[in-house]
Engineer: 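Got a structure here, written out as structure tokens. Questions coming.
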There are 2 protein chains.
Amino acid sequence: MKIATELLKGVLEGIVLQRISTGETYGYEITQYLNAHGFEDVVEGTVYTILMRLEKQHLVAIEKKKSDRGPARKFYRLNVAGEDRLIQFWQQWAYVNTQMTQLKESRHD
Amino acid sequence: MKIATELLKGVLEGIVLQRISTGETYGYEITQYLNAHGFEDVVEGTVYTILMRLEKQHLVAIEKKKSDRGPARKFYRLNVAGEDRLIQFWQQWAYVNTQMTQLKESRHD
DNA sequence: ACTGCTATATAGTATTACAAAGTAGTTGGG
DNA sequence: CCCAACTACTTTGTAATACTATATAGCAGT
């Protein structure tokens with residue numbers, strides 16, 4: 001499904017954090033995963049910008065490892081600040097979700 | 001609850017469309033309503049820019065009416081294109097929601 | 001060599017929410 | 001009458017973020 005890119009703002013960062021939190025991973029793999037799981041139009045450039053943003057905000061630990069299939073990979077793991085941010089993200093998401101549902105179901109007086 | 005403004009991008013337009021769809025309304029009222037229903041930090045400037053965007057995209061019909069309490073109000077109603085857009089919005093929202101839930105519950109192999 | 005896949009990086013653009021300030025009409029208190 | 005408070009709309013500028021497009025590079029198979 002085609003998703004308006006504006007609807008992904010803020011969401012994609014949460015998704016990337018979530019993906020990293022379940023085990024160390026790297027940009028290319030994250031992109032492939034998202035493309036195969038409902039976010040078909042997300043491109044590499046987007047994921048890499050997010051990863052570099054996370055790094056700049058000190059939410060991740062990075063380790064470079066050689067690959068047997070191509071260039072070296074930069075593996076990401078969440079640090080404590082990253083885990084906190086992820087928790088916050090899901091709380092906000094749940095909250096927005098709740099409010100949206102109520103809004104949709106409510107009528108004018 | 002404090003919501004990251006990035007998480008509202010795209011969402012607010014849908015909310016405003018939804019609010020208009022349940023009966024003709026105007027900017028100030030929409031702002032008040034949102035502030036009282038989970039979106040406390042949304043300010044007038046934001047709502048008015050959205051309304052003008054909707055107008056520019058020909059999704060609404062506008063009627064100016066005198067108020068007994070202050071300056072004249074600009075009332076908004078959705079036209080057919082606006083209704084379509086609203087339907088699309090909820091479809092995309094539901095889709096993203098589904099994918100997010102699956103993503104949160106999934107683990108690395 | 002060339003193609004394709006793996007992998008990272010970055011410059012530029014469009015969109016959008018928010019901050020901040022301004023303009024105006026109406027009402028009620030002093 | 002003046003001023004504050006509330007109602008109501010508008011506009012300018014800024015920050016954040018996803019996307020477009022492109023570049024770089026390693027490795028494998030033909």
Side-chain angles (χ1 to χ4, degrees), chain A residues 2-17 20 24-36 39-57 59-60 62-76 85 89 92 96, chain B residues 2-17 24-36 38-57 59-60 62-76 85 89 92 96:
Chain A
K2 180 68 188 165
I3 311 168
T5 113
E6 295 310 326
L7 210 49
L8 293 180
K9 293 206 174 166
V11 170
L12 276 183
E13 182 176 304
I15 290 177
V16 170
L17 283 168
I20 295 174
E24 126 182 307
T25 184
Y26 54 98
Y28 189 78
E29 191 187 58
I30 294 171
T31 309
Q32 299 295 103
Y33 183 84
L34 293 182
N35 290 164
F39 301 96
E40 303 150 29
D41 297 327
V42 175
V43 295
E44 298 174 8
T46 300
V47 173
Y48 287 114
T49 354
I50 292 172
L51 288 173
M52 289 194 260
R53 210 157 70 218
L54 297 180
E55 182 182 357
K56 204 170 290 176
Q57 294 173 14
L59 302 175
V60 288
I62 300 179
E63 197 181 349
K64 209 160 193 171
K65 293 184 188 176
K66 281 175 190 153
S67 166
D68 51 335
R69 311 269 305 157
R73 299 165 175 164
K74 275 177 74 177
F75 282 89
Y76 292 80
R85 174 71 133 265
F89 170 75
Q92 289 185 34
V96 170
Chain B
K2 180 67 189 164
I3 310 168
T5 114
E6 295 309 327
L7 209 51
L8 292 180
K9 294 208 172 163
V11 171
L12 276 182
E13 182 176 304
I15 289 176
V16 171
L17 283 168
E24 121 181 313
T25 183
Y26 54 98
Y28 189 79
E29 191 188 58
I30 294 172
T31 308
Q32 299 296 102
Y33 182 85
L34 292 182
N35 290 164
F39 301 96
E40 303 150 30
D41 296 328
V42 174
V43 294
E44 296 177 10
T46 299
V47 172
Y48 287 112
T49 34
I50 292 172
L51 288 173
M52 289 193 259
R53 210 158 69 219
L54 298 179
E55 181 181 359
K56 204 170 289 175
Q57 294 173 15
L59 302 176
V60 288
I62 301 179
E63 197 181 349
K64 208 160 195 172
K65 293 184 188 176
K66 281 175 191 155
S67 165
D68 50 337
R69 310 270 304 156
R73 299 165 173 162
K74 276 177 72 178
F75 282 88
Y76 293 81
R85 174 71 132 265
F89 169 76
Q92 289 185 34
V96 170

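Residue numbering restarts at 1 for every chain, and letters A, B, ... go by the order of the sequence lines. Atom set for the values below is all heavy atoms of this structure, side chains included, hydrogens, waters and symmetry mates excluded. Note that the coordinates shown come from a computational prediction; the quantities given were computed from them, not determined experimentally.
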Engineer: Measuring from the side chain of Glu44(B) (C-beta onward, heavy atoms only), which nucleotide among dT7(D), dC9(D), dA18(D) has the closest atom?
Structural biologist: dC9(D)

Engineer: Assuming nearest nucleotide by heavy-atom distance, tell me which of Ala72(B) and Thr49(A) is located more 5' along DNA chain D.
Structural biologist: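 In this pair, the answer is Ala72(B).
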
Engineer: Mind listing the side-chain donor-acceptor pairs of residues 3-16 of chain B below 3.5 Å, one per line with the distance, residues two or more places apart or on another chain?
Structural biologist:
residue	atom	partner	partner atom	Å
Glu6(B)	OE1	Lys9(B)	NZ	3.1
Glu6(B)	OE2	Lys9(B)	NZ	3.3
Glu13(B)	OE1	Arg53(B)	NE	3.3
Glu13(B)	OE1	Arg53(B)	NH2	3.0

Engineer: For DNA chain C, find the residues of residues 8-17 of chain A with a heavy-atom distance under 4.0 Å and give them by number; none if there aren't any.
Structural biologist: Lys9(A)

Engineer: Could you list the residues that satisfy salt bridge (Lys or Arg N to Asp or Glu O under 4.0 Å) with Lys2(B), not counting sequence neighbours?
Structural biologist: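 Result, salt bridge (Lys or Arg N to Asp or Glu O under 4.0 Å) vs Lys2(B): Asp41(B).
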
Engineer: Let me confirm one number: the OH-CG distance from Tyr76(B) to Leu54(B), rounded to the nearest 0.5 Å.
Structural biologist: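 Going from OH on Tyr76(B) over to CG on Leu54(B), the span is 8.0 Å.
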
Engineer: What nucleotide, of dC9(D), dA25(D), dT11(D), holds the atom closest to the side chain of Met52(B)?
Structural biologist: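 Of dC9(D), dA25(D), dT11(D), dT11(D) is nearest to the side chain of Met52(B).
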
Engineer: By nearest atom, which of the nucleotides dT7(D), dC19(D), dA16(D) is closest to the Thr5(A) side chain?
Structural biologist: dC19(D)

Engineer: Identify the 5'-most and 3'-most nucleotides of DNA chain C with at least one atom closer than 4.0 Å to a non-hydrogen atom of chain B.
Structural biologist: dT16(C) to dT27(C)

Engineer: Could you pull out all residues at least two apart from Lys65(B) that satisfy side-chain contact (heavy atoms from CB on, under 4.5 Å)?
Structural biologist: Glu24(B), Glu63(B), Phe75(B)

Engineer: Which pairs pass salt bridge (Lys or Arg N to Asp or Glu O under 4.0 Å) with one or both residues in residues 66-76 of chain A, sequence neighbours excluded?
Structural biologist: Glu55(A)-Lys74(A)

Engineer: Could you measure the distance from the CD1 atom of Ile62(B) to the OH atom of Tyr26(B)? Nearest 0.5 Å is fine.
Structural biologist: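 The CD1 atom of Ile62(B) sits 15.5 Å away from the OH atom of Tyr26(B).
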
Engineer: Does the Tyr48(B) side chain pair with the main chain of Tyr28(B), one donor and one acceptor, at a distance under 3.5 Å?
Structural biologist: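 Yes; at least one donor-acceptor contact below 3.5 Å.
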
